[in-house]
Amino acid sequence: MSKSIKKNYIYNTSYQILVLIIPFITIPYISRTLTASSIGRFTFVNSILQYFTLFAGMGIAIFGQREISYYQDDRKERSRVFWELKFLSLINVTICMIIYLTLVNTYAHQNFKMYMIVSLHIITIVFEAGWFFAGMEEFGLLVSISFVLKILQTACIFIFIKAPNHIDRYAFNISFFWFLGSAIQCCFLPKYIDKPDIKNLRPFRNIKTIWSLFIPTIASSVYSILDTTMIGLFTDTSYENGYYELCMRVIRIILLTVTSLSNVMVPRIGYLFKKNDKEQIQRYMYLSYRFIWFIGVPLCLGLIAVSDNFVYWFFGEDSARIAELLKISSFLIVIIGINSITGGQYLIPTGRQNQYTLSIIIGATVNLCMNIFLIRYFYAYGAVVASVSAEGVIALVELYFVRKELSLMKILLSLRNYLLAGGCMLGILIAIGKNWPSSPVNTFTLIFTGAAIYFTVLLILRDEFSMNNVKKILWILLRRK
């Protein structure tokens, strides 16, 4: 294939770096300007909205990306797939929008304005074409659009959001730029697809397969949304939702780096599966697992080590609760990374969505049962523990499903060096940082020290994955000289 996994990964990672940097600028400002209470209100409204965006999307993006990856070399077929899914999306969005507006006008006496603002998210689904370009492995285009809009969105936060009562402006900022990004994507579609042949379109052609992919989407999304909804229902204050949301924002930001490889690999695995190249698929899978260990373990253990020093200057003085939540939720970094490889990168592109569905349903059931008990008594702590437990169960179930194609022993043995290096890093960082006052300088000193320790131990262990990448970097640098 002419498209490069390395280039696509660089595109994706460069954007993820931007996404990592921007919150260091915006989150301290937002958490102080809007306060945890206002953020909690927005989080609750957004959790209700997501149920409707979930059904409006109906798993079309997952199915669409997979199908487009199958037909990268066939313009006629990918045009047919695109337009059939767009017509189906239009039907879904129309139905969901009618139901949403009816319920909001009937029951949403509080936060009515915010509910109306965020409804733009539902409309945006009709225009969203990111799944198409991802299936075509055109990540450069997606990243370029997202890069520019992310900078503009950040600038608008500082320009227009000045007080806690500006939470509606914050909601509009998020909704508008998501809509704008999707609208801009549509402008580039004529290069890749033909005009719709209305007579030959059958929007419900693949409805059974779409529904089979939608079921795990429902389960995984509902249990992630359910956390904030249940916290809002079981507690008398919006602060718990605010603390939980701020904690999960940090985790989601870090996860972007861990899951960026999986996002790039999904269409490539789909393409290879269509070509029946099982050997190449297996090679990519083992490399992907090793990458998750390589980058996920230090991020997980490093967050545990620096969270106390980090949160006080980043979120403000009343953020001790966030630090404790981060220490628990840090395990999601590795677990979700593994799930993205096994489920998203392998089971779905290879047509085994039923197994993927079952794993998600089992995880969602675990999450729901634990939430009912834990949130009632432990609030945000309970939600975090339930999420970690649910994702862990999903990981175990999915690894069980692929045990015949992939060696679980090989996957686990590849963890050894990274766990040892990460353990050394964690112990040293806790020892040297426990008495350091919270400040940006001290936090970044701990981060860079931890990275140095981690990579030094890997080099001492002569880790094959690390050594190969170091050699490639040195070769590139020496060649330029």
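What you are looking at is a predicted structure, and each value in this text was computed from that prediction instead of being measured.
- Between the Asn339 side chain and the Glu391 main chain, a donor and an acceptor come within less than 3.5 Å of each other.
- Between the side chains of Asn442 and Thr445, no donor N or O sits under 3.5 Å from an acceptor N or O.
- For the residue pair Gly363 and Ile394, the shortest heavy atom distance occurs at CA-CG1, 3.7 Å.
- Here Phe177 contributes atom CZ and Gln153 contributes atom CD; the two are 6.0 Å apart, rounded to the nearest 0.5 Å.
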For this session: List the steps and the verdict of side chain to side chain contact (heavy atoms under 4.5 Å, CB included) for Leu429 and Leu301.
Result: CA-CA 10 Å; Leu429 289 183; Leu301 299 180; over 6 Å; no
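- With no hydrogens or angles considered, no side-chain donor-acceptor pair links Thr53 and His121 at under 3.5 Å.
- Taking the ring centre of Tyr400 as origin, the terminal cationic atom of Arg403 falls inside the region bounded by 6.0 Å and 45° from the ring axis.
- Geometrically, Lys410 engages Tyr286 in a cation-pi contact, judged by NZ or CZ lying under 6.0 Å from the ring centre and within 45° of the ring axis.
- Ring geometry for Phe294 against Phe291 counts as tilted: the plane angle lies between 30° and 60°, on a 0 to 90° scale.
- Scanning all heavy atoms of the two residues, the minimum distance from Val297 to Tyr418 falls at CG1-O, 3.3 Å.
- Checked by atom type and distance alone, the side chain of Ser438 pairs as donor or acceptor with a backbone atom of Asn309 at under 3.5 Å.
- Here the side chains of Phe158 and Thr26 are in contact, with some heavy-atom distance below 4.5 Å.
- When atom types are taken as modelled, the side chain of Arg169 and the backbone of Ile161 share no donor-acceptor pair closer than 3.5 angstrom.
- Residues Leu332 and Leu255 share a closest heavy-atom pair of O-CD2, 3.9 Å.
- The list of ring pair (Phe, Tyr, Trp, His ring centres under 6.0 Å) pairs with a residue in residues 357-387, not counting sequence neighbours, reads Phe373-Tyr377.
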Problem set entry | Steps toward side chain to side chain contact (heavy atoms under 4.5 Å, CB included) verdict (Phe42, Val45) | CA-CA 5 Å; Phe42 169 73; Val45 169; 5.5 Å; no
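- Judged purely by distance below 3.5 Å, without hydrogens or angles, the side chains of Ser288 and Gln345 pair a donor atom with an acceptor atom.
- To the nearest 0.5 Å, atoms CD1 (Ile432) and CH2 (Trp436) are separated by 4.5 Å.
- Considering only heavy atoms from C-beta on, Leu120 stays 4.5 Å or farther from Trp178 through its side chain.
- Looking at every heavy atom in both residues, Gly392 comes nearest to Ile335 through N-CG2, 3.6 Å.
- Distance CG/Leu412 to CH2/Trp293: 6.5 Å, rounded to 0.5 Å.
- Here the side chains of Thr33 and His166 are not in contact, with every heavy-atom distance at 4.5 Å or above.
- Within 6.0 Å of CD in Gln280 there are more than 12 heavy atoms belonging to other residues, nucleotides or ligands.
- Between Tyr115 and Ile48 there is a side-chain heavy-atom pair separated by less than 4.5 Å.
- One distance of note links CG of Asn417 with CZ of Arg290; it measures 7.0 Å at 0.5 Å rounding.
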For this session: Could you check Ile322 against Tyr244 for side chain to side chain contact (heavy atoms under 4.5 Å, CB included), going step by step and ending with a plain yes or no?
Result: CA-CA 7 Å; Ile322 301 175; Tyr244 178 79; over 6 Å; no
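- In the model, Ser38 has no side-chain atom that pairs as donor or acceptor with a side-chain atom of Tyr170 under 3.5 Å.
- Comment: Lys327 engages Asp308 in a salt bridge, judged by a side-chain N to carboxylate O separation of less than 4.0 angstrom.
- Of all heavy-atom pairs between Leu326 and Cys247, the closest is CD2-O, 3.6 Å.
- Side-chain contact between Ile304 and Ser330 is present, with at least one heavy-atom pair separated by less than 4.5 Å.
- From Ser387, atom OG reaches atom CE of Met248 across 5.5 Å, with rounding to the nearest 0.5 Å.
- Annotation for Val457 and Cys424: closest pair CG2-CB, 4.3 Å, computed over non-hydrogen atoms.
- Within the 4.5 Å cutoff, the side chain of Tyr289 has heavy atoms near those of the Leu406 side chain.
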Exercise. Going through the checks in order, is the side chain to side chain contact (heavy atoms under 4.5 Å, CB included) test met by Ile184 and Leu149?
Worked result: CA-CA 10 Å; Ile184 293 173; Leu149 292 181; 4.3 Å; yes
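- Remark: Leu180 CG to Gln185 CD distance equals 10.0 Å, nearest 0.5 Å.
- Looking at Ser119 and Tyr100, their side chains come closer than 4.5 Å, going by heavy atoms from C-beta outward.
- The shortest side-chain heavy-atom distance between Phe188 and Phe133 falls under the 4.5 Å cut-off.
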